[in-house]
Amino acid sequence: MAGGGMVASSGGTEFEAKITPIVIISCIMAATGGLMFGYDVGVSGGVTSMDDFLKKFFPVVYRKTQAEEDSNYCKYDNQGLQLFTSSLYLAGLTATFFASYTTRRLGRRVTMLIAGIFFIIGVVLNAAAQDLAMLIAGRILLGCGVGFANQAVPLFLSEIAPTRIRGGLNILFQLNVTIGILFANIVNYFTAKIDGWGWRLSLGLAGIPAVLLTIGALLVVDTPNSLIERGKLDEGKAVLRKIRGTDKIEPEFLELVEASRVAKEVKHPFRNLLMRRNRPQLVIAVALQIFQQCTGINAIMFYAPVLFSTLGFKDNASLYSAVITGAVNVLSTVVSIYVVDKLGRRILLLEAGVQMFIAQIIIAIVLGIKVTDHSDNLGTAYAVIVVVMICTFVSAFAWSWGPLGWLIPSETFPLETRSAGQSVTVCVNLLFTFVIAQAFLSMLCHFKYGIFLFFSGWVLIMSIFVVFLVPETKNVPIEEMTERVWKQHWFWKRFMEDDVDDGFKKNGHAKVFDPVSHL
Ligand code: BGC
């Protein structure tokens, strides 16, 4: 999730469940929640490279793109322009805290509805924007939508899905994010040809996933977990029967009731998270989010058209190339769905590390040689090399750090901290997404081609981190992580040694505690 990972099955028990229409609707929900987030990620870069948009809101930047005096690398270096992109993530991370409350108290469905309404108002403000204030206000509202949706949608899905398809749904959410990005890139490609108001159409089309999410939230029922958690036991039971398509739901129902009882015993989930025995998972979740953003992926996702035009690609070619990288992103995420449980997490992360490192070094060398401050004529051959290398980089990211940055935290936290851990994961991700969005164009101006060396340095550091500190979690049942993973790990095992019972016996509750309902 991107904006939020799915929490996988809570135990080895498999309850009777059919794939009912309501479960299919829940998949469509995943699509719209993920699409909405992805569309917002992808749309800003294309729009900010459109002349009409720049003339209206950022005339200073527009003049720089036309003038010869400024360094090529600095054409788009403008705090306001970066704020247009980044304000969404800042608002999103703030909203996560409120969303965590509403998901628990008001339910998943109402929270998704709130998200949809934020999205719709945000889209209207953006598409109708008359000045910068309106534009930024719209982005902030979209950000609030992202905060609420990324908390509630993954949660809703993981609770409504039968256990056996939860893991797949996890990466499906990420897949939809990438489809949203691609969709935005394609829309930008066409709207850039419309004189005057093309950017309005680009920003306005975000209304499609926004309206779908809102209608979806009105149509679906809340999850049984949430209903039971809020004391509506009979309603919860009826919904469970409906979504599982069978009358034999008693065992699962009892588990949910027990889960909600146990959850109420954990008075301070966030404080619990800071306990020594939860340190490994916390460190890994936070580090994975920081590293995921420090690969530089969003420099490409947000600013690909701007980046390509900085390198001397003409408008059309810039947007066209962004469509290519967007498509590579989608296809490589599909690859990940197939191989993640066969090859394992570590192999994917390490292979991708090598691939991303090499691609970034080659890009830096080509740009270092060919793009100077005042000459940006890459020439076709070199332009092709740059695009191929960017695709090489994006594909590596998309089958590793993209989905795994979300999957690993969601499967390694023990039950009592899984939900709080998930909130922290989403927040750290949005925080660092904000930092990259706000800083990238200025960094490009100051570091020039060295920006790619900077990111490659991070890739090296994160790969070393993976070699030593990220254990393999492939095929390990989620409730056996402590015994089979952490207690066996050369470094992390020392945090498990003083495994004192601080008011909560882990294993005793393992089978009956549904973590995702307790954010
Ligand atoms: C990241 C996003 C990124 C996307 C690209 C996600 O996993 O969290 O920040 O834009 O991947 O596909």
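Along the sequence shown, residues are numbered consecutively beginning with 1. Because the structure is a prediction, the values reported are computed rather than measured. Start at 1 and go down the list; that is how both ligands and their atoms are numbered.
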Determine whether Phe84 and Phe302 satisfy the following criterion, ring-ring contact (aromatic ring centres under 6.0 Å, His included), listing intermediate values before the conclusion. CA-CA 11 Å; Phe84 165 70; Phe302 296 155; over 10 Å; no
Close-contact set for ligand 1 against [X] heavy atoms, below 4.0 Å:
{"X": "Gly402", "value": "7 (O)"}
{"X": "Asn429", "value": "8 (O)"}
{"X": "Thr178", "value": "12 (O)"}
{"X": "Val41", "value": "10 (O)"}
{"X": "Gln292", "value": "1 (C), 6 (C), 7 (O), 8 (O)"}
{"X": "Ile181", "value": "5 (C), 12 (O)"}

Q. Of Thr85, Val146, Asn126, Leu203, which meets side chain to side chain contact (heavy atoms under 4.5 Å, CB included) against Asp40?
A.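 When side chain to side chain contact (heavy atoms under 4.5 Å, CB included) is applied between Asp40 and each of Thr85, Val146, Asn126, Leu203, only Val146 qualifies.
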### Task
Consider only side-chain N and O atoms of Gln438 and Ser86, and report whether a donor and an acceptor are under 3.5 Å apart.
yes
Quiz prompt | Any side-chain donor near an acceptor of the partner, Trp406 and Gln289, under 3.5 Å | solution = no
> Do Trp401 and ligand 1 have an N or O pair less than 3.5 Å apart?
Replying inline: no
Is the closest heavy-atom distance from [X] to ligand 1 below 4.0 Å?
{"X": "Gly405", "answer": "no"}
{"X": "Trp406", "answer": "yes"}
{"X": "Gln289", "answer": "no"}

Q) Are Lys193 and Tyr189 in a cation-pi contact, defined as NZ or CZ under 6.0 Å from the six-membered ring centre and within 45° of the axis? A)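 Satisfied, under 6.0 Å and within 45°.
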So for Asn329 against ligand 1, with non-hydrogen atoms under 4.0 Å, the contacting part is side chain
**Prompt:** Does Phe397 approach ligand 1 within less than 4.0 angstrom via side chain, backbone, both or neither, non-hydrogen atoms only?
**Reply:**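 Side chain only; the backbone of Phe397 stays clear of ligand 1.
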Parallel, tilted or perpendicular: which one describes the rings of Phe53 and Phe58, with boundaries at 30° and 60°?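 Ring orientation, 0 to 90° scale: tilted.
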Any chance CZ of Phe447 has more than 12 other-residue heavy atoms, nucleotides or ligands included, within less than 6.0 Å?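 Result for CZ/Phe447: enclosed.
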- Query: Would you call Val187 and Leu201 a side-chain contact if the rule is heavy atoms closer than 4.5 Å?
  - Reply: no
